[in-house]
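One structure is given below, encoded as structure tokens.
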There are 2 protein chains.
Amino acid sequence: MPRAGLDQSTVVAAGAALADEVGLAQLTMGSLAERLGVRTPSLYKHVAGQEDLNHRIASLALSQAADAVGVAIQGYAGRDALSAAARAYRTFVLDHPGRYAATIGVQPTTPDDPMATAGHCLLAAFMAVLRGYDIKPPDVDHALRMIRSLFHGFATLQSANAFQWSADIDESFDWLITFTDRGLRTL
Amino acid sequence: MPRAGLDQSTVVAAGAALADEVGLAQLTMGSLAERLGVRTPSLYKHVAGQEDLNHRIASLALSQAADAVGVAIQGYAGRDALSAAARAYRTFVLDHPGRYAATIGVQPTTPDDPMATAGHCLLAAFMAVLRGYDIKPPDVDHALRMIRSLFHGFATLQSANAFQWSADIDESFDWLITFTDRGLRTL
DNA sequence: CACGTCTGGCTAACTACATTAGCTTTTGGC
DNA sequence: GCCAAAAGCTAATGTAGTTAGCCAGACGTG
């Protein structure tokens with residue numbers, strides 16, 4: 001029997017990709033093994049189980065999202081940075097719904113959990129956006145939580161197809177960015 | 001064998017309550033049956049299966065959320081209505097995390113799906129809040145999507161314990177309401 | 001009251017999936 | 001070439017969802 005040459009990152013990356021394709025709920029150890037050309041129990045040589053796999057996918061997703069946002073805002077400030085960050089974030093969620101879904105409701109275990117680190121990187125990117133506004137220190141945490149809620153909420157709802165009615169979604173997204181930008185500039 | 005006297009709404013209500021207690025992922029047909037003092041297959045006399053159960057729990061949740069928000073905003077307008085709606089919504093999500101989670105990613109099937117109806121009621125309540133502001137018709141849909149994203153995002157993140165760091169969450173929530181109110185008043 | 005039907009419960013059986021145990025073969029260092 | 005670790009495998013177990021088919025109690029009607 002020839003070896004498939006898997007390792008942990010291969011398995012996790014394939015799991016993330018499969019989750020994006022078929023939905024996180026349809027990501028089973030069996031389907032992932034099949035995708036990798038291997039029998040189900042072989043996966044346990046690389047991940048500890050489904051929960052561990054999910055945790056690692058979440059970690060990967062957060063780190064990729066942080067990267068995407070970080071790259072997108074380079075060289076921008078103020079409204080441009082806000083817009084770039086929001087777009088990058090939403091694009092990531094829409095392009096990778098499965099791995100993003102894996103991040104929901106997963107708690108970091110240890111303080112040096114890679115997922116916690118990736119989460120902090122993403123927050124740092126958002127924080128960088130806020131630095132382009134003149135926000136008083138006590139307001140920074142609140143503003144950060146707000147844009148996080150807004151981005152997460154909008155992206156999640158659109159990804160779940162929860163915006164059913166008429167108006168154009170991209171237009172709403174631009175409107176929302178403008179609204180937030182104005183609010184942040186007049187704190 | 002004495003009858004348990006179940007019917008569909010009993011089963012769905014018990015499922016929602018159990019989901020709130022143990023988490024949606026831990027809501028199994030077996031645990032629900034045990035809670036109701038019945039064997040697992042008996043549940044299939046009242047719901048078509050797990051997917052159907054989830055759908056009905058989602059429907060119940062949306063309808064209860066719409067009720068809660070609708071009641072909360074009665075007699076208020078403007079900032080007071082916005083604040084009341086936001087609080088009622090968040091309280092509902094925090095008190096009923098399991099049934100709220102059931103609403104995520106569930107698509108209405110037919111146009112007369114009770115879930116779609118309940119969703120519209122909830123939107124109508126949010127729309128009523130916006131009526132207290134002087135918003136130009138083309139902006140209404142965008143504003144509605146924004147507050148929905150914001151409320152959903154904040155409540156979801158708090159429910160998932162995703163706000164880890166220092167600042168007080170209630171304070172952030174108030175800040176967010178004030179921010180939104182100011183933005184809506186100066187459109 | 002007897003009868004028949006419908007309903008809501010049951011047991012038994014089947015499937016899918018996650019997981020573990022234990023075996024075998026490849027691989028890579030010596 | 002040899003040996004240990006790694007990476008695959010088969011087989012088996014436990015749990016959960018679901019279906020089939022049986023049976024008893026509730027209820028309406030003669």
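Here is how names work: the chains are called A, B, and so on, in the same order as the sequence lines, proteins then strands, and each is numbered from 1.
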Ignoring the backbone of [X], work out which of [options] is nearest its side chain.
| X | options | value |
| --- | --- | --- |
| A:Val38 | C:dA18, D:dT10, D:dG8 | D:dG8 |
| B:Ser42 | D:dT18, D:dC9, C:dC10 | C:dC10 |
| B:Lys45 | D:dC9, C:dG8, D:dG17 | C:dG8 |
| A:Ala4 | C:dT11, D:dG8, D:dG17 | D:dG8 |

Can you check the [X] [atom1] to [N] [atom2] distance for me, whole Å?
| X | N | atom1 | atom2 | value |
| --- | --- | --- | --- | --- |
| A:Gln50 | D:dA16 | CD | C1' | 13 Å |
| A:Glu34 | C:dA18 | CD | P | 13 Å |
| A:Asp52 | C:dA18 | CG | C1' | 14 Å |
| B:Gln26 | C:dA18 | CD | C1' | 15 Å |
| A:Leu32 | C:dC17 | CG | P | 13 Å |
| A:Leu43 | D:dC9 | CG | C1' | 13 Å |
| B:Tyr44 | C:dC14 | OH | C1' | 13 Å |
| B:Leu36 | C:dG8 | CG | C1' | 13 Å |

Ignoring backbone atoms, test whether A:His46 places a side-chain nitrogen or oxygen under 4.0 Å from the OP1 or OP2 oxygen of D:dG8.
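It does, given that an N or O in the side chain of A:His46 lies less than 4.0 Å from OP1 or OP2 of D:dG8.
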
A:Glu171 vs B:Arg145, test: salt bridge (Lys or Arg N to Asp or Glu O under 4.0 Å). Steps then yes/no.
CA-CA 11 Å; A:Glu171 210 179 293; B:Arg145 284 176 173 169; over 6 Å; no

Hey, which of these two, B:Pro41 or B:Asp7, hits DNA chain C nearer its 5' end, going by closest nucleotide?
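With B:Pro41 and B:Asp7 compared, the 5'-side residue is B:Asp7.
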
On a plain distance test, is the side chain of A:Arg3 in donor-acceptor contact with the base of C:dT25 below 3.5 Å?
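A donor-acceptor contact between them is present.
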
Considering only NZ, NE, NH1 and NH2 on the basic side and carboxylate oxygens on the acidic side, decide whether B:Asp170 and B:Arg87 come within less than 4.0 Å.
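No, this pair does not count.
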
Return the orientation label for the A:His96 and A:Phe92 ring planes: parallel under 30°, perpendicular over 60°, tilted otherwise.
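Rings of A:His96 and A:Phe92: tilted, 30 to 60°.
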
Whether B:Phe126 and B:Tyr89 hold their rings parallel, tilted or perpendicular, with breakpoints at 30° and 60°:
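B:Phe126 and B:Tyr89: perpendicular rings.
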
Donor-acceptor check, side chain of B:Asp113 to backbone of B:Thr109, threshold 3.5 angstrom: yes or no?
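At least one qualifying donor-acceptor pair exists.
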
With a non-hydrogen cut-off below 4.0 angstrom, is A:Thr28 in contact with a base, only sugar-phosphate, or nothing?
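Contact class for A:Thr28: sugar-phosphate only.
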
